[in-house]
Amino acid sequence: MRKRSLAIATVFVLIGLTVPAMAGTSQAAVTTWATTATGAEPTAAFTALGPLSSSQALPITVDLALRNRAVLDQDIASGVVLTPAQFNAQFAPAAASASQVAAYLRQFGLTGIAVNANNTLVTASATVAQAQSAFNTRLQSFKVGAKMMFANTAAAEVPASLGGVVQAVLGLNNVAAMQPAPLPASSASSCLISGIGYPCTYNPQGFWKAYDASSASTGSATPIAIFAEGNLTQVVKDLRQEETANALPQVPVTVVPTGPASTDTSGADEWDLDTQYSTGMADTVSQLYIYDAPSLSDADTTTEFEAFVQMDKAKAASASFGECEYQAKQDGSLAADD
């Protein structure tokens with residue numbers, strides 16, 4: 001069994017440009033709009049099916065811009081370590097800004113509005129009609145390959161008064177989504193390094209030997225995290241079976257739901273790899289936190305990344321899923337995750 005790592009690029013986004021308002025946005029009397037990091041979805045290769053139903057419900061996540069970003073970048077480059085409280089005091093959006101965004105969403109009838117602990121995300125439920133009016137965009141239905149999807153055909157915008165506050169609007173398409181992609185299982189049996197050099201699948205003890213780490217300190221003092229999605233019941237059972245098979249102690253596991261429960265198990269093979277090899281190669285860890293999102297949509301993964309940051313429990317984390325970086329940049333999730 002083998003493992004991959006995912007590098008996530010960062011992007012800096014300029015916001016605040018204004019363009020004339022589109023028709024149909026008079027509800028809040030917006031006359032001047034500001035751009036966000038959420039651009040129009042490129043749909044030239046899709047089969048257009050017409051406007052999305054105006055009554056369809058959409059979960060919306062509004063990402064707010066950080067304060068003092070240049071100073072934060074300097075701190076990161078210098079290796080400064082911040083607690084969540086220190087970050088919130090210096091760099092997180094102000095509570096007044098989050099309240100301003102929430103009030104704006106209420107003007108358009110969005111419901112279930114909630115602000116997260118450090119004011120970086122405002123979530124809400126909208127109909128398509130409400131989302132189009134609030135963010136000056138248009139949502140269309142498409143066929144992408146064999147799948148029925150929807151996407152925003154115009155960039156998401158906000159009133160000029162929110163131009164320096166809102167960074168991105170997630171949830172306006174379901175084309176952009178993370179994908180786990182486990183490698184095919186090896187046909188070779190699990191084995192310890194023998195020095196002969198034949199291909200095999202390494203168990204934890206095999207990795208210790210391969211890296212000459214048999215006498216190295218274990219991870220018993222370190223809490224770590226895995227980002228996952230869906231129903232993880234079998235994943236935890238598989239971890240226990242792997243620990244027994246390799247004579248490893250049981251690692252304490254905490255599953256942290258970051259949204260509504262999901263029955264999806266399509267990514268279970270990847271989560272098996274993540275949990276078993278991260279803890280096994282460390283020869284146990286003090287705690288394994290599994291952040292469990294309801295889907296791998298950009299909005300849901302942004303929310304679970306934020307939960308990891310805000311809880312401040314684990315010292316390292318692994319997200320073994322990804323998507324085209326262009327797509328993440330286009331819908332604003334790259335800026336939000338950064």
Side-chain angles (χ1 to χ4, degrees), residues 1-10 61 76 79 81-88 92 116-118 120-121 178-182 204 207 217-240 242-243 248-262 264-265 267-323 328 333-334 336-338:
M1 297 172 72
R2 295 173 292 274
K3 190 71 177 67
R4 303 157 331 287
S5 61
L6 170 70
I8 300 178
T10 59
T61 299
I76 293 171
V81 177
L82 299 169
T83 66
Q86 290 170 329
F87 171 84
N88 293 347
N116 74 334
N118 63 7
T120 56
L121 302 176
M178 299 284 188
Q179 298 291 333
F207 275 109
S217 299
T218 71
S220 61
T222 305
I224 66 170
I226 296 295
F227 296 108
E229 170 270 340
N231 187 328
L232 304 180
T233 302
Q234 188 61 47
V235 172
V236 177
K237 290 180 180 179
D238 291 346
L239 173 62
R240 298 310 182 207
E242 179 269 338
E243 290 166 335
L248 295 170
Q250 287 195 353
V251 171
V253 174
T254 300
V255 177
V256 182
T258 61
S262 167
D264 183 36
T265 58
D269 287 350
E270 184 59 64
W271 321 141
D272 277 348
L273 284 169
D274 292 355
T275 55
Q276 293 172 31
Y277 275 84
S278 61
T279 59
M281 285 187 280
D283 191 8
T284 195
V285 292
S286 66
Q287 185 77 34
L288 173 64
Y289 293 93
I290 310 177
Y291 289 88
D292 184 19
S295 79
L296 290 179
S297 71
D298 283 351
D300 283 343
T301 53
T302 293
T303 299
E304 70 174 343
F305 293 156
E306 171 56 29
F308 158 72
V309 171
Q310 196 62 31
M311 281 183 64
D312 193 31
K313 296 291 187 181
K315 301 303 180 186
S318 172
S320 291
F321 44 76
E323 66 183 318
S333 66
L334 195 107
D337 293 344
D338 184 36

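- Side-chain N or O atoms of Asp300 include none that pairs as donor or acceptor with a backbone N or O of Leu296 at under 3.5 Å.
- Residues that satisfy the side-chain hydrogen bond (donor to acceptor under 3.5 Å, both in side chains) test with Thr258, not counting sequence neighbours, are absent from this structure.
- By the side chain to side chain contact (heavy atoms under 4.5 Å, CB included) test, Thr233 pairs with Asn231, Lys237, sequence neighbours left out.
- To the nearest 0.5 angstrom, Met281 atom CE is 11.0 Å from Gln276 atom CD.
- Using a 4.5 Å cut-off on side-chain heavy atoms (C-beta onward), Phe308 and Tyr289 make no contact.
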- Message: As a quick check of understanding, evaluate side-chain contact (heavy atoms from CB on, under 4.5 Å) for Asn118 and Glu306, giving each step before the final call.
- Response: CA-CA 9 Å; Asn118 63 7; Glu306 171 56 29; 2.8 Å; yes
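- Using a distance-only test at 3.5 Å, with no hydrogens or angles considered, no donor-acceptor pair links the side chain of Arg240 to the main chain of Val235.
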- Item | Check against side chain to side chain donor-acceptor pair (under 3.5 Å), Gln234 and Asp272 | CA-CA 9 Å; Gln234 188 61 47; Asp272 277 348; over 6 Å; no
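- In this structure, Ile290 and Val256 have side chains that are not in contact, with every pair of non-hydrogen atoms separated by 4.5 Å or more.
- Note that CD of Glu243 is 5.5 Å distant from OG1 of Thr279, once rounded to the nearest 0.5 Å.
- How far CG of Leu248 is from CD of Glu242: 5.5 Å, rounded to the nearest 0.5 Å.
- Side chains of Ser318 and Asp274: no donor on one and acceptor on the other come within 3.5 Å.
- Between the side chain of Trp271 and the backbone N or O of Leu232 there is no donor-acceptor pair closer than 3.5 Å.
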Pairs of donor and acceptor atoms involving the side chains of residues 217-226, under 3.5 Å and at least two apart or interchain, shall be tabulated with distances.
{"residue": "Thr218", "atom": "OG1", "partner": "Ser220", "partner atom": "N", "Å": "3.2"}
{"residue": "Thr218", "atom": "OG1", "partner": "Ser220", "partner atom": "OG", "Å": "3.1"}

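- Although no hydrogens or angles enter the test, the distance criterion places no donor-acceptor pair under 3.5 Å between the side chain of Thr265 and the main chain of Ala268.
- Counted by atom type alone, Asp264 and Ser262 present zero donor-acceptor pairs between their side chains at under 3.5 Å.
- Of the possible polar contacts, one joining the Asn116 side chain to the Leu121 backbone as a donor-acceptor pair under 3.5 Å is found.
- Side chain of Asp292 to main chain of Gly230: a donor-acceptor pair is present (N/O by atom type, distance under 3.5 Å, no hydrogens or angles).
- Residues Ser295 and Met178 form no side-chain contact, since every pair of their non-hydrogen atoms from C-beta on lies 4.5 Å or further apart.
- Looking only at distances, no side-chain donor or acceptor of Glu304 sits under 3.5 Å from a matching main-chain atom of Thr301.
- For the pair Val236 and Asp238, the minimum side-chain heavy-atom distance is 4.5 Å or more.
- Checked by atom type and distance alone, the side chain of Thr303 pairs as donor or acceptor with a backbone atom of Ala299 at under 3.5 Å.
- Here the CG-CG distance, from Leu334 to Asp298, works out to 9.5 Å after rounding to the nearest 0.5 Å.
- Below 30°, between 30° and 60°, or above 60°: for Phe227 and Phe305 the angle between ring planes is above 60°, a perpendicular geometry.
- Atom NZ of Lys313 and atom OG of Ser286 lie 11.0 Å apart (nearest 0.5 Å).
- Side chain to side chain, Gln287 and Thr254 meet the donor-acceptor criterion of an N or O pair below 3.5 Å.
- The heavy-atom pair separating Pro180 from Gly267 by the smallest distance is CG-CA, 4.2 Å.
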